[in-house]
2 protein chains.
Amino acid sequence: MAFTAKIKDSKVVKGIFEAVSSIITETFLDIDPDKGISMVAMDLSHICLVSLLIAKEDLDEFKADKKLKIAINLEDFVKIVKRANPQDEIVFKDDSAAKRFIIEMKPETAKKARRFTISMIDIDEERIGPESLEQLEFYNQTTFKLKFLDEAIKDAEIFSDALEIVADKNLSFSTNGNIGDMTYELEKEELISSDFTQKSEGIFGLEFLKNILKVSAVSTNVEMSMASDLPIKMVFDILNSSRIVYYLAPRTEDEDNDEDDSLYED
Amino acid sequence: MAFTAKIKDSKVVKGIFEAVSSIITETFLDIDPDKGISMVAMDLSHICLVSLLIAKEDLDEFKADKKLKIAINLEDFVKIVKRANPQDEIVFKDDSAAKRFIIEMKPETAKKARRFTISMIDIDEERIGPESLEQLEFYNQTTFKLKFLDEAIKDAEIFSDALEIVADKNLSFSTNGNIGDMTYELEKEELISSDFTQKSEGIFGLEFLKNILKVSAVSTNVEMSMASDLPIKMVFDILNSSRIVYYLAPRTEDEDNDEDDSLYED
DNA sequence: GTAAGAAGCC
DNA sequence: GGCTTCTTAC
């Protein structure tokens, strides 16, 4: 047992992994004695990259002898995590010898935990990390309440399956479709912070945005970075020192060619 | 009209028969002037026997001249019972001359009842009663809150379609499947009562257990009796003097031969 | 009235 | 398996 981590608030664990698993089905969990638990993975269509860090400072217990990479099916993992009751605390352990990942849950005062295991899976090493994305230069950055983006998404899906996001003097969300269109503008005063240096615009799929917004169970603000023709970067702070970062590729004019949506040219 | 019975709380009637009909499709209702309304029937695959008694003490009105056996399709019967509103009281009557069973429902204060009838059907006399099952000698018996079994079932169905139940020092539920496994143990303190004299274990189909658990609409505790290689007996008290008893046959190693699961060798 | 969970449909 | 609807808890 090279690794043990405990989180007392199972609701946070549920919120984090339900959000992530709505986009990612399989992933490595990276256990790092110095950092905590992290993962980086892309959705199958390579349109969205998700990077999660649960910092060791946010773990109520954390023991790790060495770095570990544990590959799991997130969907199955979430089915288990969902079984936690609100008052349960959750413990993760590895049983690498048996290629199993262990999840235990129990109320803090209970003696005996319900114990689940999930088989580790074999997946290819991720071919690309987020490093190249971290080099991206965004012209515009803003932080604001997640509920605004949630509203814009719900407004937009009346008309279309995509949302246009424009950062210029202010931040605007818009869409148009057969039955009509909508515009939702946030004034500077409604933004917690904003630094817009060059107009940028992009169109993004609502399905991804809706899945990303599931993070609102565990976060209240979004820090959004944009530049035309680049993926949009959205950072969500969770717990005290942890975060989930999404890079979502814009839709291109040439929607027939799915490859153009990909975050990477293979 | 040789028989009339009234139950003021239609929700109880719904709960009882929705639970039973999830396993039994056709049955005799036995009307006994001394006892009340009862039924004994097995599911079509002969894996589960259900015995229901609604004691006459629990009926708000009960008139029966003589013993009656009324064969009905429970599925159709439940469709009718489901039509009752929560504030309705329900009256059952026979119209044996017309081979019809009558269900009336109305709010207590209403003058006029909604009236349904359902045709009696022809089914073979049940070839075997529960008498032989009542002779079974169980080594272990325990009573505990239904919610624990409910949790164990929901935990287990992530992995498999079966649940292993072991009574030894304590009571444990477990399962395993391709994606992983789970264990759920109940300490003696979590059991309302327990009398374990000899370790027993058995594997039971989750589909049956889930249908049996529908009884939780009308009961809160389960009294469970076990012995290895015997059916598991589960007794649920309902109302004041009534009860539903299930005998569920364990799955056998040789799962290809369905007959081995049968409660009876024909 | 809203939101989460369960059941039914595709 | 996802989506939708219905039910139930807060």
Side-chain angles (χ1 to χ4, degrees), chain A residues 9-27 43-45 47-48 72-88 105 114 118 121 146-147 150-151 153-158 160-161 205-220, chain B residues 9-23 25 74-76 78-88 145-161 163 177-180 206-220:
Chain A
D9 187 351
S10 65
K11 296 186 294 298
V12 176
V13 179
K14 276 194 206 186
I16 292 170
F17 286 103
E18 283 184 32
V20 172
S21 80
S22 69
I23 295 177
I24 308 295
T25 51
E26 297 183 341
T27 189
D43 81 287
L44 289 173
S45 58
I47 290 171
C48 186
I72 58 167
N73 180 305
L74 261 190
E75 226 170 278
D76 294 332
F77 176 73
V78 166
K79 282 182 194 164
I80 294 171
V81 166
K82 274 183 160 167
R83 294 296 309 143
N85 295 121
Q87 69 280 12
D88 281 352
M105 51 188 77
R114 282 148 68 206
I118 185 173
I121 58 175
L146 253 176
K147 64 173 182 184
D150 192 51
E151 279 201 289
I153 288 170
K154 284 174 178 155
D155 288 353
E157 63 184 347
I158 299 171
S160 160
D161 64 351
L206 281 175
E207 277 310 306
F208 278 102
L209 288 170
K210 282 164 69 178
N211 285 140
I212 291 171
L213 263 282
K214 288 181 180 163
V215 77
S216 54
V218 289
S219 189
T220 52
Chain B
D9 187 351
S10 65
K11 296 188 294 298
V12 176
V13 179
K14 274 194 207 186
I16 292 170
F17 286 102
E18 282 184 31
V20 172
S21 79
S22 69
I23 295 177
T25 52
L74 259 190
E75 228 169 278
D76 295 332
V78 165
K79 282 181 194 163
I80 293 171
V81 166
K82 273 183 163 169
R83 295 298 307 144
N85 294 313
Q87 69 278 13
D88 282 352
K145 294 245 173 273
L146 254 177
K147 64 172 183 183
F148 291 127
L149 182 56
D150 192 50
E151 276 205 290
I153 289 170
K154 285 175 177 156
D155 287 354
E157 64 185 344
I158 297 172
F159 304 99
S160 158
D161 63 352
L163 180 73
N178 291 330
I179 69 164
L206 282 175
E207 277 311 306
F208 278 102
L209 288 171
K210 282 164 68 177
N211 284 331
I212 291 170
L213 264 280
K214 289 182 180 161
V215 77
S216 56
V218 289
S219 189
T220 52

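Values below: every heavy atom of this structure, side chains too, minus hydrogens, waters and symmetry copies.
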Exercise for review: Please report, rounded to the nearest Å, how far the P atom of C:dG5 is from the NZ atom of B:Lys147.
Suggested key: 17 Å

**Study point:** Atom pair distance, as rounded to whole Å: CD in A:Glu75 and P in D:dG2
**Key:** 5 Å

Contact list (N/O, under 3.5 angstrom) for nucleotides 6-8 of chain C vs protein:
{"from": "C:dA6", "atom 1": "OP1", "to": "B:Lys154", "atom 2": "NZ", "distance (Å)": "3.2"}

Exercise for review: Return the value, rounded to whole Å, for the distance between atom CD1 of A:Ile23 and atom P of D:dG2.
Suggested key: 13 Å

Exercise for review: Quick one: pull up CD1 in A:Ile212 and CD in A:Glu207 and give me the separation to the nearest 0.5 Å.
Suggested key: 11.5 Å

Review point. Between atom CG in A:Asn211 and atom P in D:dG1, what is the gap in whole Å?
Key: 16 Å

Practice item. With sequence neighbours left out, write down each residue that passes salt bridge (Lys or Arg N to Asp or Glu O under 4.0 Å) with A:Lys154, or none if nothing qualifies. Key: A:Asp150

Study note, to complete from the structure: To the nearest angstrom, the NZ-P distance between B:Lys14 and D:dC6 comes to 15 Å

Check your understanding: Tell me: CG of A:Asn73 to C1' of D:dG1, nearest whole Å?
Key -> 13 Å

Check your understanding: To the nearest Å, how far apart are B:Glu18 CD and D:dT7 C1'?
Key -> 12 Å

Check your understanding: In Å and rounded to the nearest 0.5 Å, what is the CG to CD1 distance from A:Leu44 to A:Ile23?
Key -> 11.5 Å

Practice item. Round to a whole Å and report the spacing from CG of A:Asp150 to C1' of C:dA3. Key: 14 Å

Revision key, fill the gap. Value for CD1 (B:Ile153) from CD (B:Glu151), rounded to nearest 0.5 Å, stands at 11.0 Å

Exercise for review: State whether the side chain of B:Lys14 and the backbone N or O of B:Ala84 hold a donor-acceptor pair below 3.5 Å, judged by distance alone.
Suggested key: yes

Taking only distance into account, with no hydrogens and no angle test, what donor-acceptor pairs under 3.5 Å do side-chain atoms of residues 72-82 of chain A form with protein atoms, sequence neighbours excluded?
{"from": "A:Asn73", "atom 1": "OD1", "to": "A:Glu75", "atom 2": "N", "distance (Å)": "2.9"}
{"from": "A:Asn73", "atom 1": "OD1", "to": "A:Asp76", "atom 2": "N", "distance (Å)": "3.0"}

